[in-house]
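To find a chain, count down the sequence lines: A is the first, B the second, and so on, and within it residues start at 1.
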Amino acid sequence: MTPEQLLRDELTKAAIAIGAPASTVPALERPRDPAHGDWASNLAMTLAKPLGRKPRDIATELVAKLDLSAAGVSATEIAGPGFINFRLNAGAHARGLADILAHGAAYGRANTGAGTAVNVEFVSANPTGPLHVGHGRQAALGDAISALLEGAGYRVSREFYYNDAGVQIENLAKSLWVRVAQAAGIDADIPEGGYHGEYIKEIAERYVSEFGTPPHSTLLAGAQAIVAGARPDDATLFEAMRRFAVAALRAEQDLDLKAFGVQFAVYYLESSLYTDGLVEETVGMLRQGGHTFEDDGALWLRTTDFGDDKDRVMRKRDGTFTYFVPDVAYHVTKWRRGFTRAINVQGADHHGTTARVRAGLQALEVGVPKGYPEYVLHQMVTVMRGGEEVKISKRAGSYVTVRDLIDEVGRDAVRYFFLMRKGDSQLVFDVDLARSQSEENPVYYIQMAHARLSGIFRVGEIDPATITADGVQWEALAEDAERELVKSLLDYPRLVAGAAEALEPHRVAAYLLETARQVHLWYHKHHVLGEPEHILRARLVLAKAARQVLANGLALLGITAPERM
RNA sequence: GCGCCAGUAGCUCAGGUGGAUAGAGCAACAGCCUUCUAAGCUGUGGGUCGGGGGUUCGAUUCCCUCCUGGCGCGCCA
């Protein structure tokens with residue numbers, strides 16, 4: 001039993017003894033101010049109302065009834081409006097380090113998820129261009145959220161949905177056609193909604209070198225059709241180009257993801273929803289449910305019945321479906337595939353679509369929960385270089401790709417920078433800071449803390465595996481810097497559990513930075529090697545535990561923990 | 001106009017789901033140090049938590065309202 005559990009039990013007993021309801025669960029928290037002790041409870045204040053007495057009187061009576069010898073409490077005091085503060089003796093906290101060593105890489109894991117299957121969908125970029133910084137943020141967020149959930153005992157499947165059908169892909173194919181035509185000396189323009197990026201030119205070159213230049217007349221006719229807003233007549237050639245472009249860009253995106261170190265279990269193709277008949281099936285179910293209506297030549301879904309702010313078109317006048325129909329069909333497959341939770345990581349610019357997808361799923365009436373899927377939306381990313389914002393213009397084809405960033409600052413820094421802010425905040429990616437090898441750079445600072453701790457063992461020629469908690473004199477860890485560090489290390493499981501529940505990896509990033517700071521502080525103030533035996537032993541345990549926690553936290557964020565730098 | 005998100009120290013941001021005197025880094029100022037890793041360490045100053053109301057023992061946190069900024073409001077995705 002940890003001191004925390006013992007305290008809670010004692011408080012509960014005391015509360016009931018003075019007449020509180022049996023259901024009372026006393027809150028214990030870490031005071032912000034260390035002067036307020038190691039643990040504090042507001043129990044007396046919360047009981048003030050039900051018992052109709054003054055908080056401080058209740059606190060006095062509670063304290064009198066507590067038996068805290070087992071919890072290692074050295075002092076109890078009543079403070080402020082009615083807080084009860086507990087101060088633990090030096091050894092009581094440090095004893096918890098044994099737990100860290102015992103669990104090792106598993107320290108911080110929990111089983112709240114109990115094996116529940118969760119689908120985490122992220123990136124899901126259309127194959128119409130390289131991954132940009134927004135996708136990078138999603139990749140980092142999605143991967144870290146997945147890791148957090150795995151650590152909380154969920155069975156996680158990372159999934160990438162890719163849209164290989166629809167208008168955007170059509171425009172991509174047209175853009176490629178135009179570039180191929182241009183390469184053949186034809187004067188042609190990229191159509192409205194087309195893609196201007198240099199990468200299309202490169203794909204055009206590769207296409208030509210692989211398949212040769214198509215007949216001049218065919219290209220010209222096609223280019224003219226494209227300008228007029230139509231499709232080239234040569235459907236076979238057009239389809240070949242479409243497939244070539246999609247394959248080329250998918251390959252590029254795979255390289256981006258590989259460079260980033262993200263692995264997806266499933267790539268789900270939008271086109272398969274059509275070929276497998278799931279789109280038709282979904283439409284049929286929606287019509288049967290009676291939530292659809294026809295108007296102005298289109299088929300609508302009455303999503304307003306399920307909380308959307310306006311009804312949505314399902315089938316356009318031209319007979320094709322709007323994107324949201326396959327989207328609903330896709331989420332039905334998630335549900336049918338046994339994912340009781342589905343989490344979608346997306347840019348906040350997609351926030352308008354969340355209500356309608358949920359509404360569509362509700363309209364099916366197949367038992368999907370109301371809040372399904374869950375959304376983690378993130379705000380925009382701006383990139384700063386040399387103190388200036390790097391302008392991102394997709395239309396002009398000039399934007400910073402994920403690969404650019406990784407090449408420039410390294411994978412670890414990219415991941416950390418994308419994760420250090422909460423998703424709700426806009427994120428400024430300072431390239432110069434990310435690449436700097438100084439303590440101002442948070443990634444470097446955290447990794448350095450890990451490397452320094454590793455260095456102690458290396459220099460001392462001590463195999464960390466031989467360090468155990470057996471027979472350690474915990475009271476030897478009595479310095480302020482060590483007590484604070486110990487407390488942080490013991491807070492790790494609670495922190496990670498909170499981050500997993502809230503789907504907020506930035507909490508881990510902030511925690512690591514703070515803990516690294518405490519490590520550096522301790523490291524500067526106190527030596528390990530060369531100290532008297534009992535201090536040496538205790539500090540080696542602390543060093544090993546701190547190193548473990550840093551490594552575990554970094555692993556959650558997908559960042560390496562170097563032994564030396 | 002409507003919806004979502006944000007507004008916290010000069011700057012960049014934290015504030016485990018209502019707690020005590022609101023924190024960290026950078027910058028500024030004063031001093032110290034050069035040791036298991038590379039400029040670190042100690043201290044100081046700095047705030048009407050966007051404004052105004054409310055809820056209660058207690059609000060940066062919850063509610064209402066206004067202001068400012070970003071994003072969205074397609075038979076595009």
Quick one: label A:Met565 by what it contacts on the DNA or RNA (base, sugar-phosphate, nothing), any heavy atom closer than 4.0 Å. base
Atom CE of A:Met448 and atom P of B:rA38 are separated, to the nearest Å, by 7 Å
Identify whether the distance between the nearest side-chain nitrogen and carboxylate oxygen of A:Glu4 and A:Arg8 falls below 4.0 Å.
yes
Taken to the nearest whole Å, NE2/A:His526 to P/B:rC41 is 13 Å
Check: Are the ring of A:His36 and the base ring of B:rA20 both nearer than 5.5 Å at their centres and tilted by less than 30°?
Finding: yes
Taken to the nearest whole Å, CZ/A:Phe324 to P/B:rC76 is 13 Å
Whole-Å distance, A:Lys525 NZ to B:rC33 P, equals 17 Å
A:Leu453 CG to B:rC36 P, in whole Å, measures 15 Å
- Query: Salt bridge check: are A:Glu482 and A:Lys525 linked by an N-O gap of less than 4.0 Å?
  - Reply: no
In whole angstroms, the gap separating C1' of B:rG40 from OH of A:Tyr444 amounts to 13 Å
With rounding to whole Å, what would you report as the distance between B:rU60 and B:rG54 at their P atoms? 14 Å
| query | Is any N or O donor-acceptor pair between the side chain of A:Asp309 and the base of B:rC2 shorter than 3.5 Å? | reply | no
In 5'-to-3' order, the base (B), backbone-only (S) or no-contact (-) status of each nucleotide in nucleotides 4-11 of chain B, using a 4.0 angstrom heavy-atom cut-off, is SSS-----
Do A:Lys487 and A:Asp491 meet the salt-bridge criterion of a basic N to acidic O distance under 4.0 Å? no
Checklist entry - B:rC13 and B:rG53: how far apart are their C1' atoms, nearest whole angstrom? => result 29 Å
Notebook entry, point to check: Under 4.0 Å between a Lys/Arg side-chain N and an Asp/Glu carboxylate O for A:Arg287 and A:Glu294?
Noted result: yes
Salt bridge or not for A:Glu61 and A:Arg53, using N-O below 4.0 Å?
yes
Interatomic distance at P, B:rU21 relative to B:rC41, whole Å: 30 Å
Q.
Students often get this wrong, so: under 4.0 angstrom with heavy atoms, is A:Ala27 touching a base, only sugar-phosphate, or nothing?
A. nothing
